[in-house]
Amino acid sequence: MEKYEIIIIGAGAAGLACAAKLKGRNFALLEAQAQCARKVLASGNGRCNVTNKNLSPAFYNGNKKIVGSVLSRFGTAECIKFFGTLGVMLREEDGGRYFPVTGKATAVAGALAAASAGRVIYGARVIKIEKKDLFELPAADGRIFAAEKVVLACGSPAYPQLGGNPSGYELAAMLGHKIVTPFPSLTSINLRNAPLKKMQGVRARAAISFDGQTEKGEVMFTAAGISGLPVQNLSRAVNKTLPARAEISINFFPEFTAAEFKKIMLKRRENFGERKLADFFTGILHEDIAAALLENLKIEPTVLAGRMKAEDFNRLTAALQNWILEAGPARDWQDSFCAAGGVDCAEIDAQTLQSKKCPGLYIIGEELDADGKSGGYNLHFAFGCGYLAAEEI
């Protein structure tokens, strides 16, 4: 049996941040994979969006009490300072997002790995956890680890191709914790509308809405549906609703009120009434979007704009700001950047991140029922949890 004062399970963002803060203590970091920080390396398209200057519980879902507790003590400034101690310089970019100045996630992953050098035990897949005098942790290869305190930082099932799995939930449940049923978040959205298949690869600035939530930004149409940052941020609400019917609204001209836009369209029809509808949108809307929209509304593209029926003109004008599309089956874990749901935070002390059910057990990061929007929010929460749990220990 290998004994330590502290054992951290999971060498991802939260576990590595915890280990970096625990430097000098008698601990081991157990990692089931042959490499640490795989999700960190892939985050931000390989650039790693570490944090955001606009941190707020408003950008998170799940248990906002624990989010608020973490953010109040580990904000943007504390995160920048923490990575500065590891030798990583961050730079602010659009939307308040912070990336390493190198422009590569390897700067973050490498610094965290260096801070944990010699403490990571690879290929150590913990299959059971028991609390006796010490925590006992048998691994799949027959080794048994023991510690006075254990930090669960196992992440979620999201991105299984990079090691994501539900093992952390299973270990937490062994010690009596309730798991809020997890489901994929920050995904693309499948659509049932066949005309969109013709729009594969088309991008458009738009606002998309569902169930009172609106997200703005660049939307990309794919063979299966839509993707892009606003889509990812809306996907949680959509995926939570599915398989019940979920209708998404796309607004290609969110900068105008409905009354303002109708005036614009009336003036445009007055000026370009001799154009066929197939050409009527030239200069304001991608031709493939226009074609798909006309097909979806069953409006003949060869009709002259000036000779449109008033009913069709009104339907078309309204659809440009409120095109209703039905979501198809939810994307699976392989297309998910994070998980909604997880260990019930009501059973975790929001200040210490220690289990209320099992003293000496800390549960942190994405394993908890707390998830944020795209933009550095999830990584920041993971780093903050790791830092604060280590500080408490």
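Position 1 is the first residue of the sequence; numbering continues from there. For clarity, every value in this text was computed on a predicted model and none was experimentally measured.
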Short question: side chain of [X], backbone of [Y] - any donor-acceptor pair under 3.5 Å?
X	Y	result
D344	K178	no
K356	A346	yes
E130	E136	no
K131	P359	yes
H380	F74	yes
S69	A350	yes
N378	G372	yes
S56	F59	no
E367	C154	yes
Q33	Q35	no

Between [Y] and [X], is there a side-chain heavy-atom distance shorter than 4.5 Å?
X	Y	value
S167	V126	no
V50	L379	no
F183	R236	yes
E347	S355	no
S249	I324	yes
S43	N49	no
V219	P230	yes
F27	C18	no

Do you reckon [X] sits in the same ILVMFWY cluster as [Y], going by side-chain contacts under 4.5 Å, direct or chained?
X	Y	answer
F280	L297	yes
F210	L186	no
L16	Y122	yes
L229	F337	no
F381	V180	no

Rounded to the nearest 0.5 Å, how far does [atom2] of [Y] lie from [atom1] of [X]?
X	Y	atom1	atom2	answer
T214	L234	OG1	CG	8.0 Å
T85	K81	OG1	NZ	9.0 Å
E170	K128	CD	NZ	13.5 Å
F281	L293	CZ	CG	6.5 Å
L152	I7	CG	CD1	11.0 Å
E287	M199	CD	CE	11.0 Å

Flag yes if more than 12 heavy atoms outside [X] fall under 6.0 Å of its [atom1] atom; otherwise flag no.
X	atom1	value
E311	CD	no
M89	CE	no
R73	CZ	yes
D133	CG	no
K262	NZ	no
K104	NZ	no

- Query: Are Y98 and F83 near enough that their ring centres are under 6.0 Å apart?
  - Reply: no
- Task: Compute the ring centroids of F383 and F82, then answer whether they are less than 6.0 Å apart.
- Result: no
- Message: So that I can tick it off, tell me whether K149 and E392 are bridged by a salt bridge, with the cut-off set at under 4.0 angstrom between side-chain N and carboxylate O.
- Response: no
- Is it true that K267 and E270 have a side-chain N and a carboxylate O under 4.0 angstrom from each other? yes
Side chains of [X] and [Y] only: does a donor on one sit below 3.5 Å from an acceptor on the other?
X	Y	value
S156	E366	yes
S374	N233	no
T187	N239	yes

If every non-hydrogen atom of [X] is compared with every non-hydrogen atom of [Y], which pair is closest and at what distance?
X	Y	value
I250	A206	CG2-CB, 4.1 Å
S336	S185	OG-O, 2.9 Å
A14	G365	CB-CA, 4.0 Å
T241	A246	CG2-CB, 4.2 Å
P57	V67	CA-CG1, 4.0 Å
G341	D371	N-OD1, 4.4 Å

- Query: Once the angle between the rings of F252 and W323 is folded into 0 to 90°, is it parallel (under 30°), tilted (30 to 60°) or perpendicular (over 60°)?
  - Reply: tilted
- Task: Quick one: sort the F256 and F261 rings into parallel, tilted or perpendicular, breaks at 30° and 60°.
- Result: parallel
- Item | Single hit among L175, L171, L353, I348 for side-chain contact (heavy atoms from CB on, under 4.5 Å) with L361 | L175
- Message: Could you walk me through whether Y377 and N54 satisfy the side chain to side chain contact (heavy atoms under 4.5 Å, CB included) test, starting with their C-alpha distance in whole Å, then the side-chain angles of each, then the deciding distance to 0.1 Å, before giving a yes or no?
- Response: CA-CA 9 Å; Y377 299 105; N54 301 311; 4.0 Å; yes
- Please step through side chain to side chain contact (heavy atoms under 4.5 Å, CB included) for the pair F145 and I121, ending with a clear verdict. CA-CA 11 Å; F145 300 91; I121 301 175; 3.7 Å; yes
- I would like to know whether E215 and K373 meet side chain to side chain contact (heavy atoms under 4.5 Å, CB included); could you show each step before the answer? CA-CA 11 Å; E215 302 290 340; K373 289 187 174 185; 2.7 Å; yes
- Please walk me through it: do L316 and M308 pass side chain to side chain contact (heavy atoms under 4.5 Å, CB included)? CA-CA 10 Å; L316 183 58; M308 284 185 72; 4.1 Å; yes
